[in-house]
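Working notes, beginning with the structure itself.
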Protein chains: 2
Amino acid sequence: MSTKSAARPGGRSARVQQAVHEAVRGLDGELARERLTVPLIAERAGVTPSTIYRRWGCLRELLADVAAQRLQPEAPLAQTGSLAGDLFAWTQEYMEEMTSTPGRQVLADVLGSTHQERRTRCWQWQRDQLSLLLERAASRGEAPLPGVEQLLDGVMAPLIYRLSYAPHTLDEARLRHWIRQTLDEAVAAPSAARGET
Amino acid sequence: MSTKSAARPGGRSARVQQAVHEAVRGLDGELARERLTVPLIAERAGVTPSTIYRRWGCLRELLADVAAQRLQPEAPLAQTGSLAGDLFAWTQEYMEEMTSTPGRQVLADVLGSTHQERRTRCWQWQRDQLSLLLERAASRGEAPLPGVEQLLDGVMAPLIYRLSYAPHTLDEARLRHWIRQTLDEAVAAPSAARGET
DNA sequence: CTGCTAAGGCAAATATTTTGCGTTTGAGGC
DNA sequence: GCCTCAAACGCAAAATATTTGCCTTAGCAG
């Protein structure tokens with residue numbers, strides 16, 4: 001579709017997309033955000049502005065597209081030997097990255113997109129990561145385990161909520177608190193009780 | 001400062017601000033979001049575009065300014081007789097309002113602002129509302145009560161998180177679940193145990 | 001190799017944002 | 001009430017950004 005990653009993999013489309021994304025990432029680091037313009041990006045990427053406008057619509061959507069890719073997990077997830085440890089390692093890194101000024105910008109860019117679909121995709125990635133951690137824990141024989149939804153609501157939600165609205169209130173202690181609390185709940189009320197995925 | 005509500009209350013500044021805000025609210029309902037432009041708003045408000053640019057900087061910030069006011073609580077909060085009931089009444093109305101397309105737009109507009117300060121202010125309002133509900137519960141003699149932070153993390157966070165990323169997963173049952181769970185936690189671990197405000 | 005279509009280039013036409021400068025407004029001193 | 005002063009606005013020109021029509025190119029399919 002419109003802003004899909006690659007209409008024809010390996011073709012010109014893909015090359016243009018990559019050049020533009022790279023130009024954005026490059027320029028974003030070099031100059032203040034308000035100086036970032038489509039014509040500027042186009043020049044750096046070696047394309048004409050109209051190409052960008054036709055594919056992405058506007059600067060906002062282009063930035064959201066680039067930012068969304070940055071939210072995509074690439075690191076293979078640490079294996080600490082326990083669900084609590086894995087969770088902490090992952091969310092802590094996430095927090096670290098997103099409390100930085102550029103990190104918050106990434107979050108804001110994604111939220112700034114008009115397309116709900118894009119945000120939902122990011123959410124899905126987070127969900128998948130958590131599922132993976134749960135699977136690993138299950139295969140290690142850990143029990144009882146919380147459901148994915150419990151982890152989303154109990155750990156990710158407070159984290160993202162505070163990142164967006166009150167980043168200065170975040171610290172590792174809170175993170176640990178949310179994780180411990182969510183895991184404790186799972187002990188008190190086995191996850192099978194609610195029909196989670 | 002720059003986008004402050006009223007530099008000179010009652011003066012021309014205030015009149016212009018009101019006219020512009022009204023123009024935004026009016027036009028926002030009449031045409032598609034992508035057709036909303038500064039010159040259009042200026043015309044409707046009876047001012048010149050440059051006035052808007054000088055005061056708000058850009059469309060994005062103007063929209064954020066208007067949206068932030070909509071997030072400000074105006075309804076005096078229902079009094080149902082119990083903390084659980086008050087919480088549900090308030091959050092349910094909030095959810096109802098924000099799951100609508102225009103409501104989500106309001107949230108997105110606020111998140112789209114460059115000024116962290118604006119978002120923090122919105123968060124502070126939510127915090128104040130919750131504090132008020134807690135005070136009332138306390139004066140009714142309800143105990144044990146959760147802390148404000150518990151309510152923020154346990155109820156508001158999942159609500160806002162899902163509103164932003166996965167609004168289709170929201171429903172009243174979840175809301176009730178979060179509220180019940182958070183209140184139950186307060187029973188299990190008295191709030192005084194953690195040094196919350 | 002040939003035809004076909006999606007995507008890109010180019011440049012003209014529009015629309016927007018920015019800026020300099022003169023004018024108005026309203027607060028405060030007298 | 002009158003005067004002074006600075007902030008905020010209006011206006012219009014200049015600078016930028018965005019949109020659009022038309023033509024060219026690239027790459028897939030037969």
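Every chain is numbered from 1 and lettered A, B, ... according to where its sequence line falls, protein lines coming before strand lines. This one's a predicted model, so the numbers in the text were calculated from it and none came from an experiment.
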How many whole angstroms separate atom [atom1] of [X] from atom [atom2] of [N]?
X	N	atom1	atom2	result
Gln17(A)	dG8(C)	CD	P	10 Å
Glu61(B)	dT16(C)	CD	P	19 Å
Glu43(A)	dG9(C)	CD	P	13 Å
Trp56(A)	dT19(D)	CH2	C1'	17 Å
Tyr53(B)	dG10(D)	OH	C1'	16 Å
Leu62(B)	dT16(C)	CG	C1'	15 Å
Leu40(A)	dA17(D)	CG	P	8 Å
Glu34(B)	dT19(D)	CD	C1'	14 Å

Q) Same hydrophobic cluster for Leu31(B) and Val66(B), using side-chain heavy-atom links shorter than 4.5 Å among ILVMFWY? A) yes
Are any of the side-chain nitrogens in [X] or [Y] under 4.0 Å away from the carboxylate oxygens of its partner?
X	Y	value
Arg104(A)	Glu97(A)	no
Asp65(B)	Arg118(B)	yes
Arg33(B)	Asp109(B)	yes

[X] side-chain proximity, nearest of [options]:
X	options	value
Arg54(A)	dA26(D), dT20(D), dG10(D)	dT20(D)
Ser13(A)	dT17(C), dG10(D), dG8(C)	dG8(C)
Arg12(A)	dC9(D), dG10(D), dA26(D)	dA26(D)
Val38(B)	dT17(C), dC10(C), dG10(D)	dT17(C)
Arg55(B)	dT17(C), dA8(D), dA17(D)	dA8(D)
Pro39(A)	dA17(D), dT17(C), dG10(D)	dA17(D)

**Q.** First of Val16(B) and Ser50(A) reached from the 5' end of DNA chain D, by closest nucleotide
**A.** Val16(B)
Taking OP1 and OP2 of [N], is either one under 4.0 Å from a side-chain nitrogen or oxygen of [X]?
X	N	result
Arg15(B)	dG26(C)	yes
Thr51(A)	dG8(C)	no
Thr37(B)	dT16(C)	yes

Q | Test side-chain hydrogen bond (donor to acceptor under 3.5 Å, both in side chains) applied to Ser82(A) and Glu142(A), step by step | A | CA-CA 8 Å; Ser82(A) 76; Glu142(A) 285 189 53; 5.3 Å; no
Q.
At 10 degrees resolution, what angle do the end axes of the helix from dC1(C)-dG30(D) to dC30(C)-dG1(D) form when each is taken over five base pairs?
A. 40°
(Q) Quiz question: by atom type and distance under 3.5 Å, do the side chains of His177(B) and Asp153(A) form a donor-acceptor pair? (A) no
Q: Answer with yes or no whether the side chains of Gln18(B) and Arg15(B) bring together a donor and an acceptor at under 3.5 Å.
A: no
Q. Using the ring of each side chain (for Trp, its six-membered ring), is Trp123(B) parallel, tilted or perpendicular to His168(A), with breaks at 30° and 60°?
A. perpendicular
